[in-house]
Structures are given as structure tokens and as C-alpha cells.
*Asks:* 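Structure below; questions to follow.
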Amino acid sequence: MAEMKSPAKAEPASPAEAAQDERRGLLEHSREFLDFFWDIAKPEQETRLQATEKLLEYLRTRPSGSEMKYALKRLVTGLGVGREAARPCYSLALAQLLQSFEDIPLCSILSQMQEKYNLQTVNKAMMRPALFANLFGVLALFQSGRLVKDQDALMKSVRLLKILSHHYNHLQGQPIKVLVDILSEVPESMFQEILPKVLKGDLKVILSSPKYLELFLLAQQRVPAKLESLMGSVDLFSEENIPSLVNVLRMAANSVRKEHKLPDVALDLLRLALKENKFTLFWKEILEQGLLKKPCWSTSYMCFRLLGASLPLLSEEQLHLVMRGDLIRHFGEHMVISKPQNLFKFIPEISTYVSTFLEGCQDDPERQFAMMVAFTSITNQGLPVMPTFWRVTRLLSSKALQSYVAWLRDMFLQPDLDSLVDFSTANQKRAQDASLNVPERSVVRLRKWIIHRLVSLVEHLHLEKDDAVVDQVARFCLFHAFFKTKKSTPQIPETKQQFSFPLDDRNRSVIVSAFFSLLQTLSVKFRQTPDLNESGKPWTYRLVQLADMLLNHSRNVTIVTPFTTQQRQAWDQMMSTLKELEARSSETRAVAFQHLLLLVGLHLFKSPTESCDVLGDIQTCIKKSMEQNPRRSRSKAKASQEPVWVEVMVEILLSLLAQPSNLMRQVVRNVFGHICSHLTPRGLQLILAVLNPETNEDEDDNVVVTDDTDEKQLKDGEDEDLDSEDNKNSESDVDSEDGEESEEEDRDKDVDPGFRQQLMEVLQAGNALGGVDSEEEEEELGDEAMMALDQNLASLFAEQKLRIQARKEEKNKLQKEKKLRRDFQIRVLDLIEVLVTKQPEHPLILELLEPLLSMIQHSMRSKGSTKQEQDLLHKTARIFMHHLCRARHYCHEVGPCAEALHAQVERLVQQAGSQADASVALYYFNASLYLLRVLKGNAARRPQDGRKLRGADTQSEPKDPEAQAANCLDLDFVTRVYSTALESLLTKRNSPLTVPMFLSLFSRYPVICKNLLPILVQHVAGPSRPRHQAQACLLLQKTLSARELRVCFEDPEWEQLIGQVLAKVAQTLQTLGEAQSKGEHQRELSTLELLNTLFRTVNHEKLSVDLTSLLGLLQSKQQKLQQSLQQGNHSSGSNRLYDLYWQAMKMLGVQRPKSEKKNAKAVPSESQSPISMKRKKKGFLPETKKRKKLKSEDTTPGKDAASGQDVVTADATPAATGKDQPPSTGKRKRRRVKANTPSQVNGTPVTKSPTPNNLTLSPSTPAKTPKLQKKKEKLSQVNGTTPVSPIEPEGKKHHQKAVPTKEVLRKSPQSALPRKRARLSLVSRSPSLLQSGLKKRKVARRKVQTP
């Protein structure tokens, strides 16, 4: 342990002296060391671990210092802090500390715990923290790994845990649990010594608590002889102990209810029962007859977890007992009636247990097969409770998988309902409907589940080992979906399979849908690979061959829906076409056609009438496409009028897209990608007609969109209703109330004047309306009249109800049709995407612009809130922007249609300017830019009047004369179009056009930008609105700095343009600082930004432009800008405006007066009293704390503060003397300032540039202000200290000495203050702000000077 530093203090000291020494030692510790203990208690695990690791590293460097003593004391104290979440953190840190420093005795930690948290002397309020402190302290000793090696500390810890176990109200069973964990790791000899002290010989005490029973089971496992000598022979599973065991297990289940885990005592009891050959007694009597007699959720979940944990431990007979008992039925009932949220939490848990079992018996396929059959056999009235898609099937070995598939096929053909563990829920038993308990219904439910399980098994398979299983499942689904057996034959194994229950139409439709789902899986997951099978054919081809073989065996097999002669001829013709395509299988187009033909051929069994015509058309198109030479020129193809087959194929593909099949959608995309190069204008119009938002809303489409949801709902309605029968009763009342409310709302909404008039007529006919003689008429109205009136009213309201129902059905039908239409349009957009991606240079691409834009415009106007509307809009916009406008390749054959394209450019720009939404206008404007790119060609191919078109896609100039002629752009026409649009932007109040649109145009086409520059220059000044002038300035600022534009100008022309812009800017600057509105303020900002850009251009290119008038104009606005800044006008941008102004002045050679910013706060006002001056001296550092100078003063001066600007050159002038300084308050301060001044100014000679007497500006020399004159101006403004030179070495920036006077601190050019804070000093001048600002500056100075 750490010793005291001074040997003189080894003698005993008084408590007061000890407390004082402790406080003194605490002050010696660093802040970093003390922060470790705060971080240890934080809730973030990463922070706690890092803090513990840093603490250990810190203590390793000083193991014998006072830090170790303090750390142990702090960690022991933290074991009992009030925050419960911090106690385990301190316990873990203490454990790691004891593990790292083994020289610390454990008994000393126990002594400190006893001293700090003595259970006998602690008061009642601190009893609970003291109990937890002792518990976590023992736990820390155990987690250090040293407790089992130290017998003395171990015995003390055991005694302490024994004492803690009596405080059950606070600690529950945690002390005994810690004791069990400790005893499970101690040696047997020590265990035998400790056991009599912790375990009593009374069996009733052991069976009273799960922890004592767990301790007993541990002792029986490790030291059975010692336990027998202590308690004698104990039969734990005797008949009289069973009720106690049931109660103990129920308590254990409740204790881990929140942890969602299996209690250890339950698993230990199971192992003991297996060891003593009493498993049947344990399972039947304790679990099924005991715990499940009065089940609750905690005990049920414990039994389910015990079931899963016991699976690897049981033999085949025991598994049969477990998987067919009452517990497994209770498990199945829980799977049926449990809420979905609870079910989703428990299914992964039971799947983990089954996965562990299957992984443990990979070499025993029979055991795996038995487990899968057992869980499949748990059925609710024939329907298995486990999901059809179960990931544990991935762990089955090949042999077990084949056996399981064979068992599923046999159960499908000949269901053995007696072998199932079937059950009915309480609600099903209460219903007692005889029609629900017939075997036929159970068979239908079982077969439906089996066929889906077979398809899901294929999704988990691996190609290298499960090809045979895929073949079996695919053949089974195909045969029983479309064929029947007439006579068995050995050539067809499926004909030997007979049904014990006939296969009805409902089951067959399920098989059909499952078969096409299987095709989807085989097409996506099992792509054709060289080693897939011997023939290397895709799965669809193998299935078509199987179907053809079955059709040819008409004696043994018959088709469910017999083919007509025409349909059979179509099938045979398809087979011959497949052979022809197989001969040309090297072509990718032939492979795509083959895939389409196979898929449509298989659909011939599902819908023969529709598929027969489609199949014939496809074959005709395939033959024509194969006969046509794909390499011949497009002109010959157009002349021969040959590719009509493409239009037919497009119609076929559109009809196939109408089917709700993802597999068909993928095949259509693939096929269209191979035929889109032959697409004709009429074929494209067929696609665009579907996407036209104006025509397809009112007219019926040529393509009928099919939907199978209604049929599926009708077919599966009974099963779904029966499966959800348990939840129906609780929801029926709510549904009826909602239905009544909705009916009332519809009734109130649909009351029309016609119905009201009919009601009035009925009431008048029955004299039910009161008039003048209403009392007499009421007396005259008899019973027969009342009955007639009631009948008339009832018939009238019945008709009205039928009308409302018909209106509602019509509305639902329209919504459904709209939904189907949107879904169909999303699918058809796939064809557009394929065309744009595969054939970007196709001339028909240009015809897509306006249809896509109309779709985007219509979708954004409709503001559709449904997901389909949003998906349609996003997909259309993505295709338009990413695949079309930003494509690398584009059409080059635009010579004949150049005039039409120019007209389209004009139309698109006009439409962009007439939109109500700027986002829609952006799409139209980008479309016009795309057409400009197409008209221009690959590059600036043909110089026009010495000008080249330069853009983002500029390439080297081709020398081919045909390539030069590809540039069809009419520059004058395009300039007129965009000039009109630019005038609209700069004149209209609310124009949808924006500045980024024209910036994109200017960056891509600088020649057009050059032609539009006069419009921009014209609108910089003049009668335009301030907002439009700001936009013109912004456009000019971004454009004039572009290198592409500079290439388009000759030097005199460019210099003339810069002069014109400067003249317009000078006109606008006449009102600088007078802004009243937000638009005017924005104009001032944009004007100054443009002015700075112009100055940089003049300086960079050495232009001969006279800037004298601008300098005078800007200097005249200085005072007004400063007043505006002090008044706070437009405070959000006034600082920015002031900075831009001084950037411009700096480029003219006028430096920003720093003294104005500093002395705005430094100069005290005349009204200040001596008391306020006295307050300003607060907060200065004492002399002992001031940093000494680390560098000599005679260093070489650095650059000027404005040396970064090429326009300005630095002139150094000697510092002025302090003749005008007021008397100071102290001599030391005056000496310090005098000592600093010569070293900073006169220490080294400085090169001085000649100062001109006047402000004449030449093109090569920027305007300058004499340095000496500026320093005199500073001295006239400052009433205080001697200024320092503006030229200071940069190396001394971080080594400046802390000056105790406020004035010198404010004037130091090396101050690390940000510019923003300096600007704030000009606004507010109150003494309180000065004082707070001084403190902040001192803190900033300390941070900068800290090495």
C-alpha cells in the first residue's frame, strides 16, 4: 500500500490533522486523475471502459503514491452511491484494479468496506446503499479472479454473503446467487469446508427458495459424498416433494420474467432427472401436470425455453415423449392465439434452440429429420403452427433434407391426420361448428401449408449439393398443378403417387401460384451456370421439356384443362422455335427470346386462351427479328418498312407487363433491352400512350390490367377467417361501431335534393306533413294510412340505401382502377428506362422529353399523397434527370430535324417560364439544355465567326468534315430564345426561372453567355427592382470569374466589358448605405461582391482601368456605412456589407483602420465616473502569473497584414511618440509600454516604399493610402497608449507577453480574437460589456499561449 511521503508524520495524528492532510492530498491530485472517477460512473459503456483503462495506466506509473490510496477509497465509496446505475460501474473498476495490482491484499478491501458500510452501525436511511455496497464489493473481489485463491478473504466473503442473504426485501436472492457462482469455481476441498456453513440440513429450507435449491444441486453435482454425509440420502423427486418443486420452479419463473431467460435451477433439475432416470416423472408430473395445470405467461415461457434447451440432451424415445405431450400442444396454442408482437419476439428464440439442436447433430440426419417432422406435426385443425418460411431449414444436411422433402410429399398425397399433434383453441371448442371439424377441411389446410413449405425450402438451398431436391420439388409442383394421372407408368414417377383425399380446385390453384413463385425463385437465385447440371439448361427449359413429355404421354397422363387443337399447335410450334433458338444460343438476343417463350409457354397451362394468341405473335416476331440482319443500316430498314414486328412485340410486352408477376416483369425488361434498337416511332407511341396522364384518366386503356387479389381473397377467405377466429370476437364490436359511424357519415353526405323531394312527396301523399289544420289531419290519419305511409317510407329508404351502396362501390372501383393503372405505369416506365440506358443515341430518345415532362408536371400538380403516386413521380424524375439529361452519349443524327429541335428548344424555354412551380420549371429548362447539347454535337466542331462552343462535354476538334457538319446549332436563334427568358427573370415579379438555371447555361455554353452579357449589364443599374438588380449582379459575379467565358473575348473587348460593368456598378454604389428594405440591402451586398470580383480581375490581368472615381466614391460612403453599422440597420447582413466594403478598399490600397474597432471600447466616455474606471481593473493577473517573453525582440519583421493581396504593398513607418498620452496610473505600466515600443518598431530596419502625394491611379498601380498619414489618423483617434507597429513578425504571434493594461491589450495586432468579436466592440460601448469582453479576451489569450 501507499505510504506517507514524510517519515515525520508516521506517528499517530489527531482526527483534525488527518482530515487536513487528506484535504491537502486531494488538492495535490490533478484534475485529470479526479475526472476518471466521474467517467467511470457514466452510463455509456465505452466511456466507462476507457476511464477504467486510463485509471489503471495512470496508477501503473505511480503505484506507491497517494493516488493508489485515494483510488481504492474512492472506488469503495462508489459501491454504495445513491445512483443505482453507478454501483456496478465502480464494482467492475475495482475488480480490474485488484486484478492488475495483485500486491493489494483483498482483506484490506473488506476492511475498508466494513469501515465505510458497517451493517451494524449504519443508520436506517443508509441501510439499502450499505447492503448493495457490500454485495458489489464481494462481487468485485470475485470478478478479480483472486478470491478463490485467498482462503481468508474467501471465508470472510462467504460469511458476509450469508449475512446479506437475510435482507431479502432489498437484495432478493442475489447474495445466494453470488455465493453459488463463487462455489462453482472453488476447489472441492474448499467447497467441502464451506458447504456446512452455507447449507442447512433441512430439506424444507432448500425447497423454499430457488437459490437454495440451486446451491443444493451444485453441491450434489460437485461433492455428492459430503452432501450425503450432511443431509443423508435425499430423493428430490419423491411424491411428497413434487408440490414444493412446482412452487420453486414457479418462483424461479417469476424471478426472471423481465430478463426473458431460462432459470438455471430449472435446467439443473432437468439434468438431475436425466441422471437419475426420472425424466418421465419430471416432465409429466412437475411440468405438464404441475406448472401447466394453472398456467401463466411466466411459467409457460419457462416451460417453452426448457423444452428448447432440453432437445440436445434427450434420446429418441424422450424426444417422442416431449414432442407429443401436453406441453407441445400448449406451445402450439400459444403460437396461434398469441399477439403478433409477442409472437415475433418468441419465434426467433425457439428458432435459436432448434438451430443449436440441428448444428449439434450434423452427422445424424435421422435425428435432424425427426426434429423437423415433430415441429411440422404441431397443427391447429390441420394447419401447422410453425411458419412456412423457417430459416432453421438451412442447417439440414442433404440426406435429412431429402428425407424431409419426401415426407412432405407423402403427407401431401396421403395425409395421415392421426400422426399429427392436433389441437383446437378455446374459442374453436366453444364454437362447436360441425362443418369445421371434418377431415377434408384439415387436409385442405395441411396441403396448402406443405406446398408453401416446399417452395420456401428451395430458397434456402445451395446449388452444389441440392440440385436433386430442386428437381423433385419443381417436378412435383408442375405435375400436380396442371396434370392428372390416368394410368401409372415407370417412366413418370409422379403417376405412381395416389391421393387418399382427392385434390380439389382450391388446392390446385394454390399449387399453381406456388409453382410460378418457384419459377421466380429459380430465375433469380439459380442463374444458369456451367456446372448447374449436365445439360447446362435453365430450369424453365427443363420444366418445359417435362411438360412436353407429359403432354406426349396422353395414355398415362391427362391435362387438367385440356388443350384445344389450336393451343396444342401453338405448343408444338413453340417447341420447334425453341430448337431453332437453341442453335443460335451464342447470341444474347436469342437467349432473351428463349426465356420469354418458355415463360409464356408455361403460362399456356394457366390461361390457355390468352396465352395462345400471345404465343403465336411472339413466335412470328422472333422469326422476323432473326431473319433480319441486325448490322444493316437504319436507312435500308426504314426503306423496306420491315420492322413492323417490333410494334407487335411491344404490344405483347405491354400485355405481359399488365400481369402482376415480378418474374414476367424481369423477362420483359430483358427482352425489350434486346429489341429496343429496332424500335419504331409507332412502337414508342404505344408505350407513351400508356404513360400519357391526360388520355388514360378518362379513356379505357388498350391493355387490360389484371389483378388476382379478389380471386385470392375469395379462395383464401375461409381459411383466413378461420385462422383469425380467436381474435374476431374481440374486434367485432369495434368494427360494428366504426361501420355504423361510417354509414351515418355517408348517409349525411349523400343526401341529395332528389331524395329530399321524393321524401316530401311521400309524406304529403300520406298527409303526414302538418299544415294549417294539422290537429284535425292528425286525428283523421288512421292505422291503415299509417301502415301504408310506413311501407312507402321503408321502400324509399331501401332504394336510397341501394343507391348509396352503388355509389360507394363505384367509388371503390374507380380507386382500385386508378391504383392498378398507376402500378401498370410504373412497370411500363421500366421500358423507358431500358431504352434510355441501352440506346442513348437512338433518335427516338428525343421524343421522350415532352411526355416525361408532362408526367412530371401532372404528378406535381395533382399532389398525390399515395405511395404509388410518389413512386411514379420519383421514378419518372430519376429517369429524366439521371438517365436522359446527364447521359454521356446522345443522338448525333439530328440534321434533318434540326429546325424542329430549335422550335422545341423555344417551346421548352417558354413552358419553363410559364410554370407556377420553380421545381417543374427546372425540369423544362434542363430539357432545353439537353437539346442544346444534342444540336451542338460531340464538341465545338465548327467555328462560327471565330467562336467555339465550349461546355462540359468539350472534346478535341474532329477533322472529319461530316463531324464538323454535325453542329446544327443556330446560335442567333438560341440567343434570342434565352435572352427573352433572361429578360423575364430580371423583370417579372414572380418568375419561375432561377439564377442557378442560367448559371448552368452559362457554364456549359459560354458563347451564349457572351451574347447575353449586355442584358445583365443593363439590369445592374437602372429602373429595375432591387431584387432583380441583385440577381443581375450575382449572375455577373459568377460568370465573369469563369475561364471559359474569358476565352471568348479578345483583350480590348474584355477590357471594354469590364469598364462598362464598373460604370454600372458605380451608378448603383451612389446609394450605398441607404438601404431601407431587404431587397435593397441584398442589392448592396451583391454589388460589392461583384465589385470585388471586378477588382480581382483587373489586378490579375493587369487591365488599364481608371479606378480613381470609384475610390473617391467608396471613401465618401465610409462614414455612412459606419453609422449604419452602429445603428444596427439590417443587423443580419450589415457586418457582411462592412467587410465587403473594406475588402474593396483594401484592393484599392486603403487598409482597414484597426484602431477604430479597438478603441471603440477602449476609449472611456467623459461621463464615466472614477468608480467605473476602478471597476475596469478587476480580473488582471498578478505579476507572478504573467508569462515571460520566450523570444528576443530583435526578430525580422514579417509580412504586412495585407500581404496576401497582390494589390497592396506594405509600407513601414516608425511609431509616433506618445506626446499626447494622458498621465498613467502607475510607473511599471508606463515602463513596460516604453520597453515594448522600440523593439517592435525600431528594432530592425524596415524597407520603406515611396509614398505618393496624390491618389492618381494607373492601370498597373493600385490606389494606396500613405502609411504615415494612416498612423497619424490613428493617433488622433486614440487617447491612450503608444501604438505598436502594424508590421510584426508572424513568429511572435503566440509568444506575445500578457500586458496588464486594457488599452495595450486592445491594440495588440497579435491578439487571437476573432474578427467578429472585434466588430461587436463598435456596436456596444457599455462598461459592463467592456469588462466581460476583457475577461473573454484574457481567456482566449491564455488558450493561445498554452503550449
Side-chain angles (χ1 to χ4, degrees), residues 688 691-694 832 836 845-864 869-870 872-887 890 901-935 951-952 973-1005 1008-1009 1011-1012 1015-1016 1019 1024-1025 1027-1036 1038-1039 1079 1082 1086:
L688 295 178
L691 301 175
N692 192 352
E694 298 177 358
I832 301 294
V836 174
I845 294 292
L846 302 176
E847 299 184 13
L848 295 175
L849 291 175
E850 292 182 326
L852 291 178
L853 287 172
S854 63
M855 287 185 64
I856 295 174
Q857 182 181 7
H858 182 269
S859 299
M860 297 187 75
R861 280 182 180 177
S862 62
K863 303 294 183 182
E869 296 282 350
Q870 296 295 325
L872 180 64
L873 174 61
H874 293 163
K875 187 170 185 178
T876 309
R878 177 173 54 83
I879 293 174
F880 180 81
M881 291 300 298
H882 294 278
H883 298 300
L884 184 60
C885 293
R886 299 178 183 175
Y890 45 87
L901 290 181
H902 281 88
Q904 190 176 7
V905 170
E906 183 179 13
R907 186 166 60 252
L908 289 173
V909 174
Q910 290 176 356
Q911 290 176 348
S914 61
Q915 297 296 324
D917 192 354
S919 58
V920 181
L922 178 62
Y923 288 103
Y924 280 90
F925 201 86
N926 284 332
S928 69
L929 296 182
Y930 172 76
L931 288 182
L932 285 184
R933 183 185 180 193
V934 172
L935 288 169
F973 179 83
V974 171
T975 302
R976 288 197 302 270
V977 171
Y978 284 103
S979 62
T980 306
L982 187 58
E983 288 281 357
S984 173
L985 170 67
L986 299 177
T987 54
K988 283 188 177 181
R989 183 182 297 272
N990 295 319
S991 176
L993 303 176
T994 59
V995 171
M997 295 181 187
F998 286 93
L999 289 178
S1000 179
L1001 171 68
F1002 295 163
S1003 63
R1004 297 182 187 184
Y1005 309 104
I1008 301 177
C1009 173
N1011 296 337
L1012 298 181
I1015 301 177
L1016 294 177
H1019 285 83
S1024 302
R1025 296 186 182 92
R1027 180 171 61 88
H1028 293 150
Q1029 292 178 353
Q1031 289 177 338
C1033 292
L1034 179 59
L1035 281 169
L1036 279 174
K1038 300 292 184 183
T1039 304
Q1082 187 64 35
S1086 302

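The structure presented is a predicted model; accordingly, all values stated were derived computationally and were not measured.
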*Asks:* When rounded to the nearest 0.5 angstrom, what is the spacing between CG in Leu691 and CG in Leu872?
*Replies:*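 Interatomic distance, Leu691 CG to Leu872 CG, rounded to 0.5 Å: 8.0 Å.
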*Asks:* Given Leu986 and Leu1016, is the side chain to side chain contact (heavy atoms under 4.5 Å, CB included) satisfied, shown in steps?
*Replies:* CA-CA 8 Å; Leu986 299 177; Leu1016 294 177; 3.9 Å; yes
*Asks:* A side-chain contact here means heavy atoms from C-beta on lying under 4.5 Å apart; do Ile879 and Leu848 qualify?
*Replies:*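 Side chain of Ile879 against side chain of Leu848, heavy atoms only: no contact under 4.5 Å found.
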*Asks:* side-chain contact (heavy atoms from CB on, under 4.5 Å) with Gln1082: which residues, sequence neighbours excluded?
*Replies:*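 Here the qualifying residues are Ala1030, Leu1085, Ser1086.
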*Asks:* Quick one: ring-ring contact (aromatic ring centres under 6.0 Å, His included) partners of His902, sequence neighbours excluded?
*Replies:*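 His902 satisfies ring-ring contact (aromatic ring centres under 6.0 Å, His included) with Phe973 only.
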*Asks:* Would you call Val934 and Ile845 a side-chain contact if the rule is heavy atoms closer than 4.5 Å?
*Replies:*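 Val934 does not reach Ile845 side chain to side chain.
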*Asks:* Kindly indicate whether the side chain of Tyr923, heavy atoms from C-beta on, has any atom under 4.5 Å from the side chain of Asp917.
*Replies:*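 Side chain of Tyr923 against side chain of Asp917, heavy atoms only: no contact under 4.5 Å found.
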*Asks:* Can any side-chain N or O of Arg878 pair as donor or acceptor with the backbone N or O of Leu873 at less than 3.5 Å?
*Replies:*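 Checking the backbone N and O of Leu873 against the side chain of Arg878, no donor-acceptor pair under 3.5 Å is found.
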*Asks:* With a 4.5 Å heavy-atom cut-off, do Met855 and His858 have their side chains touching?
*Replies:*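 With C-beta onward as the side chain, the pair stays apart.
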*Asks:* Is it the case that over 12 heavy atoms from other parts of the model lie below 6.0 angstrom from the NZ atom of Lys875?
*Replies:*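 Buried by this count: over 12 neighbours within 6.0 Å.
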*Asks:* Do the charged groups of Arg907 and Glu850 touch, with an N to O distance under 4.0 Å?
*Replies:*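 A salt bridge is present here (some side-chain N lies under 4.0 Å from a carboxylate O).
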*Asks:* Enter the distance from Thr980:OG1 to Glu906:CD here, rounded to the nearest 0.5 Å.
*Replies:*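 It comes to 8.0 Å.
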*Asks:* Are Phe925 and Phe998 an aromatic pair by the rule of ring centers under 6.0 Å?
*Replies:*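 Yes, ring centres under 6.0 Å apart.
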*Asks:* Does Leu993 reach the side chain of Leu982, with side-chain heavy atoms less than 4.5 Å apart?
*Replies:*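 No, every pair of side-chain atoms sits at 4.5 Å or beyond.
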*Asks:* Short question: side chain of Tyr1005, backbone of Leu929 - any donor-acceptor pair under 3.5 Å?
*Replies:*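 Flag set: sc Tyr1005 to bb Leu929 pair under 3.5 Å.
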*Asks:* Can you find a heavy atom in the side chain of Tyr930 that is under 4.5 Å from one in the side chain of Leu846?
*Replies:*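 Side chain of Tyr930 against side chain of Leu846, heavy atoms only: contact under 4.5 Å found.
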*Asks:* Do any N or O atoms from the side chain of Ser914 and from the backbone of Gln910 form a donor-acceptor pair under 3.5 angstrom?
*Replies:*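 Side chain of Ser914 to backbone of Gln910, a donor-acceptor pair under 3.5 Å: yes, one is there.
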*Asks:* Just wondering, do Thr876 and Ile832 contact through their side chains at under 4.5 Å, heavy atoms?
*Replies:*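 Heavy-atom side-chain distance check fails, nothing below 4.5 Å.
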*Asks:* For Leu849 and Phe880: C-alpha separation, side-chain torsions, deciding distance, then whether side chain to side chain contact (heavy atoms under 4.5 Å, CB included) applies.
*Replies:* CA-CA 8 Å; Leu849 291 175; Phe880 180 81; 3.8 Å; yes
*Asks:* How many angstroms lie between atom CD1 of Ile1015 and atom CG of Leu1035, to the nearest 0.5 angstrom?
*Replies:*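 One finds 11.0 Å between CD1 of Ile1015 and CG of Leu1035.
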*Asks:* For Leu1036, is there any backbone N or O sitting under 3.5 Å from a side-chain donor or acceptor partner on Thr1039?
*Replies:*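 No; zero donor-acceptor contacts below 3.5 Å.
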*Asks:* Among all residues two or more places apart in sequence or in another chain, which pass the ring-ring contact (aromatic ring centres under 6.0 Å, His included) test with Tyr924?
*Replies:*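 Result, ring-ring contact (aromatic ring centres under 6.0 Å, His included) vs Tyr924: none returned.
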*Asks:* Side chains of Gln1031 and Leu1034: closer than 4.5 Å at any heavy-atom pair?
*Replies:*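 Not in contact.
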*Asks:* Using a distance-only test with no angle check, is there a side-chain donor-acceptor pair under 3.5 angstrom linking Gln857 and Gln915?
*Replies:*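 Result is yes, a qualifying pair exists.
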*Asks:* Give me the atom names and distance for the closest heavy-atom approach of Met997 to Ala921.
*Replies:*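 Reported closest heavy-atom pair: CE-C, 3.8 Å.
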*Asks:* Checking His1019 side chain against Thr987 main chain: does a donor-acceptor pair fall under 3.5 Å?
*Replies:*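 Not confirmed, His1019 side chain does not pair with Thr987 backbone.
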*Asks:* Within this structure, what is the OH-CG distance for the pair Tyr890 and Leu884, rounded to the nearest 0.5 Å?
*Replies:*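 Answer rounded to 0.5 Å: 13.0 Å.
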*Asks:* Determine whether His1028 and Lys988 satisfy the following criterion, side chain to side chain contact (heavy atoms under 4.5 Å, CB included), listing intermediate values before the conclusion.
*Replies:* CA-CA 9 Å; His1028 293 150; Lys988 283 188 177 181; 5.6 Å; no
*Asks:* Could you measure the distance from the CG atom of Leu688 to the CG atom of Leu852? Nearest 0.5 Å is fine.
*Replies:*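 If I round to the nearest 0.5 Å, the distance is 7.5 Å.
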*Asks:* Report the distance from atom OG of Ser1003 to atom NZ of Lys1038, rounding to the nearest 0.5 Å.
*Replies:*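 Here the interatomic distance stands at 12.0 Å.
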